[in-house]
K.L.:
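Please see the structure below; I have some questions.
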Amino acid sequence: MEPQAFSRVVEVPFQGSTLKFIGREDFIAMKVFAGGPMDLVDATRAISAGRNSLDFDLMRRLCQKIQP
């Protein structure tokens with residue numbers, strides 16, 4: 001995971017607090033890196049969940065960094 005991932009967190013209000021979640025692009029890249037069958041299913045579902053709001057250029061760049 002690259003250090004800039006922390007600057008891309010998504011903050012979600014929850015019961016008077018704020019929860020921080022890793023951005024979908026970083027989540028997908030981490031799942032691709034893990035490479036297990038369920039990881040790839042998770043990545044596919046994350047892409048399908050909000051294709052219109054996904055930064056495909058960022059996701060491709062992140063995934064390219066993890067390729068051997």
K.L.:
Mind checking whether Val32 and Asp39 have side chains closer than 4.5 Å, heavy atoms only?
P.N.:
no

K.L.:
Would you call Glu2 and Arg8 a salt bridge, using N to O less than 4.0 angstrom?
P.N.:
yes

K.L.:
Scan the side chains in residues 9-23 for donor-acceptor partners under 3.5 Å anywhere in the protein, sequence neighbours excluded, and list what turns up.
P.N.:
none

K.L.:
Which atom names give the shortest non-hydrogen contact between Cys63 and Ala29, and what distance separates them?
P.N.:
SG-CA, 3.8 Å

K.L.:
Would you kindly confirm whether Phe56 and Met30 end up in one hydrophobic cluster when ILVMFWY residues are joined by side chain heavy atoms under 4.5 Å apart?
P.N.:
yes

K.L.:
Is Leu62 close to Met59 at the side-chain level, that is, under 4.5 Å between some pair of heavy atoms?
P.N.:
no

K.L.:
If the test is side-chain contact (heavy atoms from CB on, under 4.5 Å), which one of Leu54, Ile47, Asp57 qualifies with Glu25?
P.N.:
Leu54

K.L.:
CD1/Ile28 to CZ/Arg45 distance, rounded to the nearest 0.5 angstrom?
P.N.:
13.5 Å

K.L.:
Do Val41 and Phe27 sit in one hydrophobic cluster, given that two such residues count as connected whenever their side-chain heavy atoms are within less than 4.5 Å of each other, even indirectly?
P.N.:
no

K.L.:
Do you know the tightest heavy-atom contact between Arg24 and Gly50?
P.N.:
NH2-O, 2.9 Å

